[in-house]
Amino acid sequence: MERGQALTEEEGAWTTFGPSALAFKESWHTPVEMTEADMDRVVAAFADAARRADRAGFDLVEVHAAHGYLLCEFLSPLSNQRTDQYGGSAENRARFPLRVAKAVRDAWPRTKALGVRFNGSDWVEGGVALEEVVAFGAAMHDLGYDYLHLTSGGNVARADIPGAEPGYQLRFAEAVKVAVPQAVVMAVGMIFDPHQAEQIVASGQADLIAIARAALDDPNWAHHAAVALGQAENLPVQYERAGKTTWPGYGRTV
Ligand SMILES: Cc1cc2nc3c(=O)[nH]c(=O)nc-3n(C[C@H](O)[C@H](O)[C@H](O)COP(=O)(O)O)c2cc1C
């Protein structure tokens, strides 16, 4: 994909694969419906990728089963219209993602963190149901995943996402936390205010929060959040002289 559009054949577009031959939207590639042999290949490729990530020294791996990526496409009835054992019921739609998840779990050391990101909603009528989301989260927890990261959208173009509301995806993390209290659950989506972040964790709605745009906007967000919450800024030694609390006159108007 480039400039929000699919590449043309002349531009070197790949053949894409999916659970069903359904394009994301008009003018996008129609993927080839995966065979069982394709699935075996992808399961092995995920496990190989986890082993390479370990060898390369990464401490954490998060399996992406959200936002319209392949595993998400299998989970949602909007993108998975298969009639074999990998489509239809929620249990069938989760079968391939769980095969991948197990292969990654087996390939990744228990001493390093392993999480999974998945959608709480497609934001489209007839999309993945919350009870299916909760059941998938429980299955991933049972497989030995260290945390469950709840996000949403990206699977179908016509989705109507209420993305301007602070914490708009929090309800999905909360639903999984209530149903699987022993799991570590991460919330994301329009979480930017330190007090809001603190309240989410302190109230037990989620155990962890992820921030994306707030961290791009302010790479020192965590340090500044600590100060806003009355804690030490805790900067690395090299940065201490630039700290809000150690820089005399910080914030003075000219
Ligand atoms: C520039 C940018 C790139 C992103 N890339 C990815 C990505 O590759 N994979 C992913 O799962 N989410 C991606 N996201 C979504 C974020 O992970 C996050 O879920 C979303 O921005 C909502 O959180 P926020 O309100 O804290 O930004 C991206 C977001 C931004 C702003």
Side-chain angles (χ1 to χ4, degrees), residues 1-7 14 16 18 24 28 42 45-46 49-50 52-53 56 58-76 78-79 97 100-101 104 108 113-124 127-128 130 133 136-137 140 145-157 159-177 184-201 203 205-226 228-229:
M1 191 193 78
E2 208 170 62
R3 305 172 305 269
Q5 289 167 1
L7 292 176
W14 298 349
T16 52
F24 176 63
W28 280 59
V42 172
F46 264 94
R52 283 197 299 274
F58 285 95
D59 298 315
L60 180 151
V61 154
E62 187 173 275
V63 170
H64 210 321
H67 298 173
Y69 288 98
L70 183 66
L71 305 186
C72 170
E73 291 177 344
F74 269 86
L75 288 170
S76 169
L78 298 172
S79 42
V100 169
V104 172
W108 183 249
L114 178 60
V116 58
R117 188 168 225 210
F118 56 110
N119 273 1
S121 175
D122 287 314
W123 298 113
V124 173
V128 74
L130 194 53
V133 173
F136 181 70
M140 293 298 288
Y145 275 64
D146 298 308
Y147 71 92
L148 311 173
H149 186 175
L150 272 296
T151 180
S152 70
N155 193 39
V156 281
D160 190 13
I161 304 176
E165 185 196 317
Y168 70 100
Q169 300 178 139
L170 188 54
R171 72 193 85 165
F172 309 127
E174 201 174 0
V176 172
K177 186 67 196 169
V184 173
V185 177
M186 186 186 287
V188 69
M190 276 291 276
I191 299 169
F192 53 88
D193 181 286
H195 298 278
Q196 170 200 18
E198 175 66 12
Q199 203 269 334
I200 291 167
V201 175
S203 68
Q205 286 175 293
D207 304 288
L208 301 166
I209 58 147
I211 54 167
R213 287 166 295 184
L216 290 178
D217 175 53
D218 174 10
N220 288 324
W221 185 90
H223 298 290
H224 296 152
L229 295 170

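Treat the numbers as computed from the prediction; the structure is a model and nothing was measured. One is the number of the first residue; the rest follow in order along the sequence. Every number for a ligand or one of its atoms is a count from 1 in the order of the listing.
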Visitor: Quick one: pull up OH in Tyr147 and CZ in Arg117 and give me the separation to the nearest 0.5 Å.
Guide: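 Tyr147 OH to Arg117 CZ: 8.5 Å, rounded to 0.5 Å.
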Visitor: Taking only heavy atoms of Arg117, which atoms of ligand 1 are found under 4.0 Å from at least one of them?
Guide: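 Per the distance check, 10 (C), 11 (O), 12 (N), 17 (O), 18 (C), 19 (O).
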Visitor: Can you tell me how far CH2 of Trp221 sits from CG of Leu216, rounded to the nearest 0.5 angstrom?
Guide: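 These two atoms lie 13.0 Å from each other.
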Visitor: To the nearest 0.1 Å, how far is atom 27 (O) of ligand 1 from its closest protein heavy atom, and which atom is that?
Guide: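 Scanning the protein heavy atoms, the shortest distance from atom 27 (O) of ligand 1 goes to Arg213 NE, 2.7 Å.
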Visitor: Does any N or O atom in Leu216 lie less than 3.5 angstrom from one in ligand 1, N or O only?
Guide: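 N/O-N/O distance below 3.5 Å does not exist for this pair.
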Visitor: Does ligand 1 come near enough to Ala212 that some N or O of the ligand is less than 3.5 Å from an N or O of the residue?
Guide: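 Yes: some nitrogen or oxygen of Ala212 is under 3.5 Å from one in ligand 1.
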Visitor: State whether the side chain of Glu198 and the backbone N or O of Asp193 hold a donor-acceptor pair below 3.5 Å, judged by distance alone.
Guide: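 No.
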Visitor: For atom 7 (C) of ligand 1, what's the nearest protein heavy atom and its distance?
Guide: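 For this ligand atom, the closest protein heavy atom is Tyr69 OH, 4.5 Å.
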Visitor: For Trp123, which of Val156, Ile161, Asn155 qualifies under side-chain contact (heavy atoms from CB on, under 4.5 Å)?
Guide: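 Only match with Trp123 under side-chain contact (heavy atoms from CB on, under 4.5 Å): Ile161.
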Visitor: Counting each atom of ligand 1 from 1 as listed, which ones have a heavy atom of Met190 under 4.0 Å away?
Guide: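 Numbered from 1, ligand 1 contributes 24 (P), 25 (O).
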Visitor: Give the atoms of ligand 1, by number and element, whose distance to some non-hydrogen atom of His67 is under 4.0 Å.
Guide: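 Close to His67: 10 (C), 11 (O), 12 (N).
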Visitor: Looking at atom 16 (C) of ligand 1, would you say a protein heavy atom lies below 4.0 Å from it?
Guide: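 Yes, there is a protein heavy atom closer to it than 4.0 Å.
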Visitor: Given Ile209 and Val188, is the side chain to side chain contact (heavy atoms under 4.5 Å, CB included) satisfied, shown in steps?
Guide: CA-CA 6 Å; Ile209 58 147; Val188 69; over 6 Å; no
Visitor: Tell me whether ligand 1 is touched by Ala214 - counting only heavy atoms on the residue side and a distance under 4.0 Å.
Guide: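 No heavy atom of Ala214 comes that close to ligand 1.
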Visitor: In the protein, which heavy atom is nearest to atom 9 (N) of ligand 1, and how far is it?
Guide: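 Among all protein heavy atoms, the one nearest atom 9 (N) of ligand 1 is His64 NE2, 3.6 Å.
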Visitor: Going by the atom numbers of ligand 1, which of them fall below 4.0 Å from some non-hydrogen atom of Val188?
Guide: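 Near Val188, meaning under 4.0 Å from one of its heavy atoms, ligand 1 has 19 (O), 23 (O).
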Visitor: Can you confirm, on distance only, whether ligand 1 has an N/O atom lying under 3.5 Å from any N/O atom belonging to Tyr168?
Guide: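 No - when backbone and side-chain N and O of Tyr168 are compared with those of ligand 1, no distance drops under 3.5 Å.
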Visitor: Is atom 30 (C) of ligand 1 less than 4.0 angstrom from some protein heavy atom?
Guide: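 No, there is no protein heavy atom closer to it than 4.0 Å.
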Visitor: Atoms of ligand 1 less than 4.0 Å from Ile211 heavy atoms?
Guide: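 The list of qualifying atoms is 26 (O).
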Visitor: Among residues two or more places apart or on two chains, list those pairs meeting side-chain hydrogen bond (donor to acceptor under 3.5 Å, both in side chains) that have a residue in residues 205-216.
Guide: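 Sorted pair list: Glu174-Gln205, Lys177-Asp207, Ser203-Gln205.
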Visitor: So does Gly153 get a backbone contact from the side chain of Asn119, meaning a donor-acceptor N/O pair under 3.5 Å?
Guide: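 Yes, the answer is positive, given that a donor and an acceptor are paired below the 3.5 Å cut-off.
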Visitor: Taking Glu62 for the side chain and Gly115 for the main chain, is one N or O donor matched with an acceptor at less than 3.5 Å?
Guide: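 Checking the backbone N and O of Gly115 against the side chain of Glu62, no donor-acceptor pair under 3.5 Å is found.
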Visitor: Closer than 4.0 Å to some heavy atom of Gly189 - which atoms of ligand 1 meet that?
Guide: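 Answer, ordered by atom number: 22 (C), 23 (O), 25 (O).
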Visitor: Nearest 0.5 Å, please: how far is NE2 in His224 from CG in Leu229?
Guide: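 Between Leu229 CG and His224 NE2, I get 13.0 Å after rounding to 0.5 Å.
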Visitor: Test your reading of the structure: does Gln169 have an N or O sitting under 3.5 Å from an N or O of ligand 1?
Guide: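 Such a contact does not occur with ligand 1.
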Visitor: Hey, is atom 2 (C) of ligand 1 under 4.0 Å from any protein heavy atom?
Guide: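 Under 4.0 Å from atom 2 (C) of ligand 1, zero protein heavy atoms found.
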